[in-house]
Peer 1: 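Take a look at the following structure, please.
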2 protein chains.
Amino acid sequence: MRRDVFQAIADPTRRAIIALIALQAMTPNALAENFHTSRQAVSKHLRILTECELVKQEYQGREIYYSLEVEKMKEIDKWLEQFRKIWETRFNQLDKVLANLKKQKK
Amino acid sequence: MRRDVFQAIADPTRRAIIALIALQAMTPNALAENFHTSRQAVSKHLRILTECELVKQEYQGREIYYSLEVEKMKEIDKWLEQFRKIWETRFNQLDKVLANLKKQKK
DNA sequence: AATATATGCAACTTTTCGGTTTCGCAAATT
DNA sequence: AATTTGCGAAACCGAAAAGTTGCATATATT
């Protein structure tokens, strides 16, 4: 079982779940209504999300409210950081090219 | 075949490949030296990365240099955007709490 | 021309994934 | 007390993933 953040967000249903519970805590049943799958399938997704700590549970009687562990999402952002540097540099280079073109036009 | 960016970065070997070719274009053979898998396996990963347009090829005689399509990486960044808003808000709320604590100390 | 090298592709195998169905349990409702 | 409801866990299934081995092909090298 790999179970890291990147594997967790690979599945589109899980990404949708993440987007939903980012806004407000939700129960498995409430979540399942948004998809064309059984509640059990959603439950399985929630387990995966819980295992990689992307999600936290809050027990309320027999209901369980799931909500996003936003901090964990930053891990993805952190990984992206190395590439952000690259695409910003590229952008600056493009900027230079455009600036030179302008100069030549004059 | 799903083949989207999120599925592409789910595999740790692929993430490593992405990180390598982000710095400089590399051939499959050169890449394979960095992993404990066969060249063919790396080739397969490269095909997946190519299919979702995360990677571009440059033919040079019998060698093929692979490099990162940085633009495509922005798709992940774009998806993260919605959560960035949330964690920044949370941060601001924490900021307020800290500010209040300071006030009380006075 | 013969051989070596770089690569992709196809076939095959094992493991993982995402789903369903069935079940058991605890909390609510009647 | 009996029934309904919300949930997770386990068993099972088909499809996809990730790897290996064995080719075929095109370009270099000798």
Side-chain angles (χ1 to χ4, degrees), chain A residues 1-21 24-69 72 76 79, chain B residues 1-21 24-69 72 76 79:
Chain A
M1 252 178 287
R2 226 182 308 133
R3 222 108 297 185
D4 60 59
V5 192
F6 296 98
Q7 189 260 345
I9 63 166
D11 184 81
T13 305
R14 277 198 293 271
R15 283 201 300 281
I17 290 178
I18 290 175
L20 282 171
I21 63 173
Q24 58 175 333
M26 290 178 79
T27 64
N29 260 321
L31 276 168
E33 280 171 17
N34 293 278
F35 307 103
H36 297 291
T37 55
S38 62
R39 175 195 55 82
Q40 283 89 336
V42 171
S43 225
K44 250 180 148 181
H45 284 304
L46 286 170
R47 192 156 80 93
I48 291 170
L49 292 171
T50 307
E51 276 171 10
C52 66
E53 299 172 304
L54 259 171
V55 143
K56 53 174 178 273
Q57 307 164 318
E58 199 185 319
Y59 294 81
Q60 212 163 104
R62 68 179 162 183
E63 294 184 323
I64 305 180
Y65 283 84
Y66 286 88
S67 60
L68 188 64
E69 199 72 78
K72 198 69 178 182
I76 306 164
W79 181 73
Chain B
M1 251 180 287
R2 225 183 307 134
R3 221 108 301 184
D4 61 59
V5 192
F6 296 99
Q7 187 260 345
I9 63 166
D11 183 83
T13 305
R14 278 198 292 270
R15 282 201 302 281
I17 290 177
I18 290 175
L20 282 172
I21 62 173
Q24 58 175 331
M26 289 176 79
T27 65
N29 258 322
L31 277 168
E33 281 170 17
N34 293 278
F35 307 103
H36 297 291
T37 55
S38 64
R39 176 196 53 84
Q40 283 91 335
V42 171
S43 224
K44 247 180 150 181
H45 284 304
L46 286 170
R47 193 156 79 93
I48 290 171
L49 292 171
T50 307
E51 276 170 8
C52 67
E53 300 173 304
L54 259 172
V55 143
K56 54 176 175 270
Q57 306 164 319
E58 198 184 320
Y59 294 81
Q60 213 165 101
R62 70 182 161 183
E63 294 183 323
I64 303 179
Y65 283 85
Y66 286 87
S67 60
L68 188 64
E69 198 73 78
K72 199 69 179 182
I76 306 163
W79 180 74

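All values below come from the heavy atoms of this structure, side chains included, with hydrogens, waters and symmetry mates left out. Letters A, B, ... are given to chains in the order of the sequence lines, protein chains preceding strands, and every chain is numbered from 1.
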Peer 1: Please enumerate all residues that pass salt bridge (Lys or Arg N to Asp or Glu O under 4.0 Å) together with B:Glu63, with sequence neighbours excluded.
Peer 2: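 Testing B:Glu63 for salt bridge (Lys or Arg N to Asp or Glu O under 4.0 Å), a comparison that skips the adjacent residues, returns none.
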
Peer 1: Are any of B:Arg14's side-chain N or O atoms less than 4.0 Å away from OP1 or OP2 of D:dA18?
Peer 2: yes

Peer 1: A:Ile9 and B:Trp79: side chain to side chain contact (heavy atoms under 4.5 Å, CB included), yes or no, with the steps?
Peer 2: CA-CA 11 Å; A:Ile9 63 166; B:Trp79 180 74; 3.9 Å; yes

Peer 1: Determine, stepwise, if the pair B:Thr37 / B:His45 fulfils side chain to side chain contact (heavy atoms under 4.5 Å, CB included).
Peer 2: CA-CA 11 Å; B:Thr37 55; B:His45 284 304; 5.8 Å; no

Peer 1: For A:Gln40, give me all partners under side chain to side chain contact (heavy atoms under 4.5 Å, CB included), at least two apart in sequence or on another chain.
Peer 2: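 So A:Gln40 forms a side chain to side chain contact (heavy atoms under 4.5 Å, CB included) with A:Ser38.
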
Peer 1: Using the test side chain to side chain contact (heavy atoms under 4.5 Å, CB included), find all partners of A:Gln60 that sit at least two apart in sequence or belong to another chain.
Peer 2: A:Glu58, A:Tyr65

Peer 1: For B:Gln57 and C:dA6, what is the distance between atoms CD and P respectively, to the nearest whole Å?
Peer 2: 18 Å

Peer 1: Between the side-chain atoms of B:Lys44 and the base atoms of D:dG19, is any donor-acceptor pair under 3.5 Å?
Peer 2: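 For B:Lys44, whose side chain was compared with the base of D:dG19, there is a donor-acceptor pair (under 3.5 Å).
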
Peer 1: How close or far is atom P of C:dA6 from atom CG of B:Leu46, stated in whole angstroms?
Peer 2: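 B:Leu46 atom CG is separated from C:dA6 atom P by 16 Å.
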
Peer 1: May I have the distance from B:Arg3 (atom CZ) to D:dA15 (atom C1'), rounded to whole angstrom?
Peer 2: 13 Å

Peer 1: Output a table of nitrogen or oxygen pairs between the protein and nucleotides 26-30 of chain D separated by less than 3.5 Å.
Peer 2:
unit_1, atom_1, unit_2, atom_2, d
D:dT27, O3', B:Arg62, N, 3.4
D:dT27, O2, B:Arg62, NH1, 2.9
D:dA28, O4', B:Arg62, NH1, 3.4

Peer 1: Is the shortest side-chain N/O distance from A:His45 to OP1 or OP2 of C:dG19 below 4.0 Å?
Peer 2: yes

Peer 1: For B:Asp11 and D:dA16, what is the distance between atoms CG and C1' respectively, to the nearest whole Å?
Peer 2: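 Between C1' of D:dA16 and CG of B:Asp11: 14 Å.
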
Peer 1: What integer distance in Å separates A:Ile48:CD1 from C:dC17:P?
Peer 2: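 Atom-to-atom, A:Ile48 to C:dC17, this comes out as 7 Å.
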
Peer 1: List the residues meeting side chain to side chain contact (heavy atoms under 4.5 Å, CB included) with A:Ile48, not counting sequence neighbours, and say none if there are none.
Peer 2: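 Partners of A:Ile48 by the side chain to side chain contact (heavy atoms under 4.5 Å, CB included) criterion, ordered by chain and then number, come out as A:Arg3, A:Gln7, A:Arg14.
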
Peer 1: Do any pairs count as a salt bridge (charged side-chain N to carboxylate O under 4.0 Å, His left out) and have a residue in residues 26-45 of chain A, sequence neighbours left out, and if so which ones?
Peer 2: none

Peer 1: Of the residues in residues 26-42 of chain A, which ones touch DNA chain D at a heavy-atom distance under 4.0 Å?
Peer 2: A:Thr27, A:Pro28, A:Asn29, A:Arg39, A:Gln40

Peer 1: Taking CZ from B:Arg15 and C1' from D:dA18, how many angstroms apart are they, rounded to a whole number?
Peer 2: 15 Å

Peer 1: Please list, chain by chain and in numerical order, all residues satisfying salt bridge (Lys or Arg N to Asp or Glu O under 4.0 Å) with B:Arg62, sequence neighbours excluded.
Peer 2: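 By the salt bridge (Lys or Arg N to Asp or Glu O under 4.0 Å) rule, B:Arg62 matches no residue at all.
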
Peer 1: For B:Lys72, which residues count as a salt bridge (Lys or Arg N to Asp or Glu O under 4.0 Å) partner, sequence neighbours excluded?
Peer 2: B:Glu53, B:Glu75

Peer 1: To the nearest Å, give me how far apart CD (B:Gln7) and P (D:dA15) are.
Peer 2: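 After rounding, the gap between these two atoms is 18 Å.
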
Peer 1: Rounded to whole Å, please give me the gap between OH in A:Tyr65 and C1' in D:dG8.
Peer 2: 17 Å

